[in-house]
Amino acid sequence: MKPALDVQVGKIRLRNPVMTASGTAGYGPELAAFFDLAELGAFVTKAVTRQPRAGNETPRLVETRAGLLNAIGLANVGLDAFLAEKLPWLRDRNVPVIVNVAGTTVAEYVEVAAALDAAPGVAGIELNISCPNVKQGGLEFGRSEPGLREVVSAVRAAVRRATLIVKLTPNVTDIVPLARAAVESGAEALTLINTLSGMAINATKRRAILANVSGGLSGPAIKPVALKMVYDVYRNVARQARIPIIGVGGIQYASDAVEFLLAGATAVQIGTASFVDPAAAPAVVRGLEQYLAANSFARAADLTGALES
Amino acid sequence: MKPALDVQVGKIRLRNPVMTASGTAGYGPELAAFFDLAELGAFVTKAVTRQPRAGNETPRLVETRAGLLNAIGLANVGLDAFLAEKLPWLRDRNVPVIVNVAGTTVAEYVEVAAALDAAPGVAGIELNISCPNVKQGGLEFGRSEPGLREVVSAVRAAVRRATLIVKLTPNVTDIVPLARAAVESGAEALTLINTLSGMAINATKRRAILANVSGGLSGPAIKPVALKMVYDVYRNVARQARIPIIGVGGIQYASDAVEFLLAGATAVQIGTASFVDPAAAPAVVRGLEQYLAANSFARAADLTGALES
Amino acid sequence: MPSAAKKWLLKILSSRLAGDDFVWLTLDAPPDWQSRPGQFVNIRCCEPCADELSPLSLDDRPDAPWPRTRGLEIAERSTLVRRPVSICDLRTHPDGGREIVLLVRIVGPGSRILSAKRPGDTLDCLGPIGNAFNLDAPGRRAWLIGGGCGIAPLVGLGRALVARGREVTLFYGGRDSGKIPLSLPPGLGPTGTQAVPVTGIPELGGAPLVIATEDGSLGVKGLVTDALQAYAAQTGWDDVALFGCGPDRMMSAVATLVALHDLPSCQVSMENFMGCAIGVCLSCATKVRADNTAGFVTKFVCQDGPIFEARDVIFEQKWEGCKP
Amino acid sequence: MPSAAKKWLLKILSSRLAGDDFVWLTLDAPPDWQSRPGQFVNIRCCEPCADELSPLSLDDRPDAPWPRTRGLEIAERSTLVRRPVSICDLRTHPDGGREIVLLVRIVGPGSRILSAKRPGDTLDCLGPIGNAFNLDAPGRRAWLIGGGCGIAPLVGLGRALVARGREVTLFYGGRDSGKIPLSLPPGLGPTGTQAVPVTGIPELGGAPLVIATEDGSLGVKGLVTDALQAYAAQTGWDDVALFGCGPDRMMSAVATLVALHDLPSCQVSMENFMGCAIGVCLSCATKVRADNTAGFVTKFVCQDGPIFEARDVIFEQKWEGCKP
Ligand SMILES: Cc1cc2nc3c(=O)[nH]c(=O)nc-3n(C[C@H](O)[C@H](O)[C@H](O)COP(=O)(O)OP(=O)(O)OC[C@H]3O[C@@H](n4cnc5c(N)ncnc54)[C@H](O)[C@@H]3O)c2cc1C
Ligand SMILES: Cc1cc2nc3c(=O)[nH]c(=O)nc-3n(C[C@H](O)[C@H](O)[C@H](O)COP(=O)(O)OP(=O)(O)OC[C@H]3O[C@@H](n4cnc5c(N)ncnc54)[C@H](O)[C@@H]3O)c2cc1C
Ligand SMILES: Cc1cc2nc3c(=O)[nH]c(=O)nc-3n(C[C@H](O)[C@H](O)[C@H](O)COP(=O)(O)O)c2cc1C
Ligand SMILES: Cc1cc2nc3c(=O)[nH]c(=O)nc-3n(C[C@H](O)[C@H](O)[C@H](O)COP(=O)(O)O)c2cc1C
Ligand code: FES
Ligand code: FES
């Protein structure tokens with residue numbers, strides 16, 4: 001018997017547990033040249049902000065050992081262009097669309113989220129709270145509990161239809177209380193993790209390689225860190241609260257995805273790996289199906305948290 | 001002209017900026033089979049605790065992409081055996097000896113540090129505060145400012161002769177205030193970073209690979225994270241306070257060491273790389289000397305913080 | 001604009017080291033392969049490539065059957081992201097087949113892996129990527145300017161322009177004579193301030209080449225722009241279209257000459273760090289002049305380029321990364 | 001106890017694939033090389049090894065001259081830590097030189113890299129590491145028990161014991177016949193519950209081998225301990241010394257037989273994840289029975305082992321990592 005791959009994330013039924021990760025899959029057409037987006041569990045867009053953003057100066061990206069360091073700077077077309085030019089194409093692709101939302105004030109988050117919630121074809125809103133909170137002196141919303149509660153509750157009040165997902169940053173002393181705060185403030189699912197803060201230097205030129213000096217580390221290098229956070233949040237928050245976790249960080253092959261599910265994730269996202277192979281996500285779907293069959297699991301959902309101890 | 005490699009860390013004059021990292025070089029004899037320890041700037045021992053510790057169950061170590069995840073569990077011979085059996089050999093090696101100290105209560109830190117301070121041949125004490133604070137419910141000393149201040153001040157009062165170094169954990173929301181707290185509490189130098197919290201899973205066996213489930217990530221994978229923290233602490237604390245930083249995390253080649261010096265470190269430690277090549281540290285010393293000569297630097301110390309912007 | 005690129009496993013037909021640190025590779029072009037001068041491929045540099053795994057090896061392809069892990073993660077022997085390489089030429093064999101020619105400068109792990117590939121190995125390539133040189137740019141004479149591995153896209157471009165009846169001259173700038181990956185006729189030497197076109201270079205299909213070396217060991221002593229000016233001093237700047245590929249510094253110097261002599265067209269191949277080359281990572285941003293308040297709009301080298309009109313580009317010279 | 005190991009760059013003399021997934025490697029032993037049966041080397045698995053870099057390649061040796069980075073970090077094609085491999089044998093050629101024999105099972109990236117090495121390549125090895133089998137253990141008869149690549153150290157051990165006049169028998173357990181890396185005489189088949197020693201296997205220098213396969217396709221059907229018991233049923237347990245190398249599970253089963261038949265000595269080669277193999281990382285902890293309150297002391301496989309008396313070891317069977 002073919003294993004059942006579908007899983008539930010908030011109000012969204014996913015065909016399978018594999019999504020793209022925000023910022024690594026554009027708005028859809030780019031990857032659609034390589035596979036049918038309907039093969040995905042969900043498609044997650046690049047962050048959308050109120051106004052279009054040009055992003056940081058280049059260099060914006062550099063390779064490190066088994067990782068990538070990026071400081072793209074939330075370059076995006078802005079809310080209006082997203083709704084007018086990007087969403088219509090995406091919503092016809094027969095795949096749940098999750099829009100990643102960023103901002104620097106609570107009002108901006110709320111405005112963007114509300115507009116997306118009202119737009120047909122947006123199944124989920126993923127709050128990227130790893131953005132500097134300009135009102136609180138630049139510390140990211142996601143790195144302080146009050147900041148997180150404020151932004152999530154405010155967005156919660158504005159979002160009626162779409163599933164509200166909160167994406168957590170790993171750059172914190174303890175991710176558990178922040179995950180709990182997100183859930184208490186109304187998150188229907190948690191995505192973890194965003195990138196780790198990092199830096200690269202060119203010894204010969206004696207300069208930081210990124211124009212922005214520092215950036216976010218992604219890719220296989222960070223997988224152990226992401227796995228641990230998924231595991232901790234699952235055991236301490238998500239399992240009891242029955243809130244699904246979307247695991248992300250260094251997933252390249254189906255085995256990586258299985259590891260995240262075992263640690264407690266209900267779904268996974270493929271980020272940097274899509275740069276290596278634009279069709280990495282559907283390959284993970286196929287590998288996952290093989291794994292389930294080979295190990296006699298009837299449903300992908302049965303893997304969630306199924307780590308033996 | 002040959003560049004001058006020597007640097008100053010607290011009261012210790014180092015022949016060159018390259019040390020071993022705690023826990024990756026044993027107590028000395030093991031590496032001495034591969035090179036003369038006097039080629040090092042300093043030798044840093046495995047953590048010493050009051051009582052001998054057997055450490056965690058095995059598996060204690062696993063390789064990840066460009067990294068190692070360890071949960072050795074502070075296995076060590078204990079203070080008495082260190083003083084009686086290990087130190088006498090080390091102190092005759094013509095290299096400054098820095099002893100890494102760990103504990104689970106303030107009293108244990110103080111007792112061990114005081115005994116080491118009184119022992120001839122101990123040039124420095126490096127406080128490993130990434131240990132669970134049993135009195136404060138297991139949160140590591142190094143992850144809360146009060147915990148850090150308490151242990152560092154208490155040890156400060158007990159250490160008269162040796163240079164007091166505090167080694168910070170990267171698993172915090174913002175390392176800068178913790179670095180500042182360490183300096184304000186009397187640290188004469190800061191080592192950063194210790195390992196990142198992480199986990200590895202065997203998908204086939206559906207088990208955590210480490211017996212301890214989670215462990216600390218080291219090696220090239222974490223280098224960008226370590227560089228960023230050195231940079232931040234240098235710019236925000238160490239430069240003004242004139243407190244040297246000892247950079248550690250993923251250094252394998254001389255180029256890596258140069259990058260840490262440019263980011264703001266005065267010296268560096270070689271950890272995981274010694275597993276790959278037991279003579280990695282002296283090779284870094286030679287490469288550093290070549291770099292200085294090729295780039296017309298008269299002194300290694302001139303590299304500290306010399307990043308162009 | 002979605003990429004028209006596909007993923008191909010291309011078989012290597014030949015590999016030849018050249019100059020101090022270059023390798024020429026030819027790949028078997030599939031029947032439906034279509035590419036134009038200026039486009040590039042993005043190559044996964046791993047050893048061995050997934051598809052070359054012998055039956056003995058552990059199968060770590062993403063879709064390999066289970067179980068395939070053994071306790072440790074599979075540490076792949078590869079660079080993480082792909083490496084962009086220009087399509088140097090697309091040639092037809094005498095036997096009717098076609099081959100894609102690449103010219104790679106060995107500068108780091110990815111290019112080193114490529115240089116170790118042997119005939120019969122396959123390369124995992126995304127391509128063809130990007131726009132292409134406009135072959136109909138005005139000008140009877142076409143001057144092609146390259147530095148280092150920037151010569152790569154100019155080879156096929158030169159052939160295509162010759163086929164269209166243009167009078168093609170190539171200009172190549174390098175540090176010293178050892179850096180030139182072409183089969184030069186014997187007996188060449190310094191020419192000081194004189195631009196002396198060299199003919200009969202097989203790789204260039206007959207187009208003459210003017211060489212500049214920084215140390216003066218071969219051709220004009222100086223930069224490629226010095227060679228260009230010396231040549232123009234002999235032939236004038238009339239009816240010339242420029243095409244260039246090289247580091248920002250070089251392209252920006254060329255752009256200055258273009259402005260000075262008011263040339264109608266100068267197409268340059270730009271570069272930047274490519275995270276994906278399919279338009280999703282937004283790494284390869286380049287500023288193109290525009291009539292808005294910022295004075296520019298952001299274009300992406302991998303999708304909107306790599307070819308731009310020099311006069312449109314704001315050369316920031318911040319990233320001199322990939323063509324050292 | 002500090003390691004007597006040194007770092008060597010050993011030249012590969014030959015490489016030969018065997019069984020489904022093994023490779024035999026022979027390395028040129030330097031004149032001052034000394035090793036004893038049971039010791040191992042710790043091999044840096046990288047491609048190409050630092051010392052093999054062609055002059056074309058970027059030099060990323062730790063002590064390479066400056067400058068050598070080019071903006072990106074050098075992503076090495078290697079596993080991170082070294083891989084431990086037993087010294088299978090140390091043989092003298094007819095021409096007087098000596099060669100180190102390794103037998104490697106291809107299970108992951110490191111061993112795959114080793115299997116791709118060619119004669120003339122060099123291997124960066126630390127060694128010889130660890131204690132060694134005690135060749136003077138009491139017992140006229142020596143039974144050597146191995147599973148999978150656990151046969152490796154037994155080859156040289158067998159030769160050494162034969163040279164000391166012992167009557168040596170090897171026992172090999174594997175999943176199926178395809179897993180056996182030895183040149184077996186043709187025509188062998190299942191022997192059911194009968195232990196039938198096979199002679200004339202060149203790799204073993206004449207010592208007879210009793211085979212067990214789990215699927216019964218060759219020799220005794222069952223585990224190596226079944227073969228052992230079948231053989232003992234024919235010859236008795238008298239005057240026997242055991243020597244073993246294999247997964248914890250197998251060694252622990254052997255230890256049970258040892259206790260049951262009260263054998264004076266059974267030396268087993270233990271394993272665990274080796275971060276360093278020089279005694280500094282403390283990964284390879286093994287519990288050895290002791291008369292203290294805990295009931296054990298911690299020993300380290302890389303320095304105190306890998307050879308232990310089976311009766312001393314607390315087999316935890318937690319790490320069945322490296323010999324799948
Ligand atoms: C559109 C385009 C076409 C190119 N065509 C050619 C060509 O025909 N022949 C040729 O030899 N080289 C070409 N390059 C340059 C080539 O991509 C780099 O030399 C190569 O990526 C180096 O990789 P490495 O691993 O060998 O070295 P590394 O040590 O990894 O890098 C060396 C330099 O190459 C740059 N680089 C590395 N990865 C990338 C990447 N993904 N994208 C952009 N730059 C990168 C680095 O920033 C660094 O400055 C081209 C680059 C671009 C952008
Ligand atoms: C003392 C000792 C002697 C050995 N002798 C031999 C031998 O003669 N022939 C042989 O084929 N194998 C031998 N092994 C096992 C061999 O070390 C592993 O098969 C090899 O490390 C696998 O590496 P890999 O990269 O190919 O596979 P991976 O996929 O990296 O690992 C496969 C398995 O090997 C284990 N392994 C990986 N790295 C290490 C390490 N550094 N230390 C210990 N285990 C590791 C992993 O835990 C995993 O279970 C020996 C192991 C030990 C401890
Ligand atoms: C180039 C790049 C751009 C990214 N942009 C975003 C973004 O806009 N919003 C967001 O929430 N995460 C963003 N991320 C983070 C990823 O979604 C993901 O959380 C992270 O890369 C870890 O996953 P990976 O290791 O699979 O890449 C970005 C990552 C990369 C590499
Ligand atoms: C096996 C192992 C044991 C370690 N033990 C200690 C320790 O006892 N005390 C300590 O402060 N740090 C310890 N560390 C951390 C290292 O000193 C160092 O901070 C970390 O590994 C990062 O450096 P690296 O990437 O060069 O290894 C240990 C690291 C490893 C890998
Ligand atoms: S390289 Fe990723 S958008 Fe151009
Ligand atoms: S392997 Fe490191 S102590 Fe034994």
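Numbers restart at 1 for each chain; the letters A, B, ... are given by sequence-line order, proteins then strands.
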Under a 4.0 Å N-O cut-off, is there an ion pair linking B:E63 with D:R83? yes

Under the side-chain contact (heavy atoms from CB on, under 4.5 Å) rule, what do B:E57 and D:E316 come out as? Steps first, then yes or no, please. CA-CA 10 Å; B:E57 297 295 310; D:E316 300 192 291; 3.3 Å; yes

With side chains defined as the heavy atoms from C-beta onward, is the minimum distance between D:I278 and B:L31 less than 4.5 Å? yes

Going by heavy atoms in the side chains, are B:I209 and D:F273 under 4.5 Å from each other? no

Run the numbers on B:L68 and D:L80 for side-chain contact (heavy atoms from CB on, under 4.5 Å), then give the verdict. CA-CA 8 Å; B:L68 271 187; D:L80 185 59; 4.2 Å; yes

Least distance between heavy atoms, [X] atom then [Y] atom:
X	Y	value
B:V276	D:R82	O-NE, 2.5 Å
B:L61	D:G275	CD2-CA, 3.4 Å
D:S283	B:T58	O-CG2, 3.6 Å

Answer yes or no: is there a donor N or O on one side and an acceptor on the other, between the side chain of B:R60 and the main chain of D:L282, under 3.5 Å? yes

Counting only heavy atoms from other residues, nucleotides and ligands, does the tally under 6.0 Å from CG of D:D291 exceed 12? no

Between NZ of D:K7 and CZ of B:F34, what distance do you get to the nearest 0.5 Å? 9.5 Å

Please classify the contact between B:A25 and chain D as side chain, backbone, both or neither, with a heavy-atom cut-off of under 4.5 Å. backbone

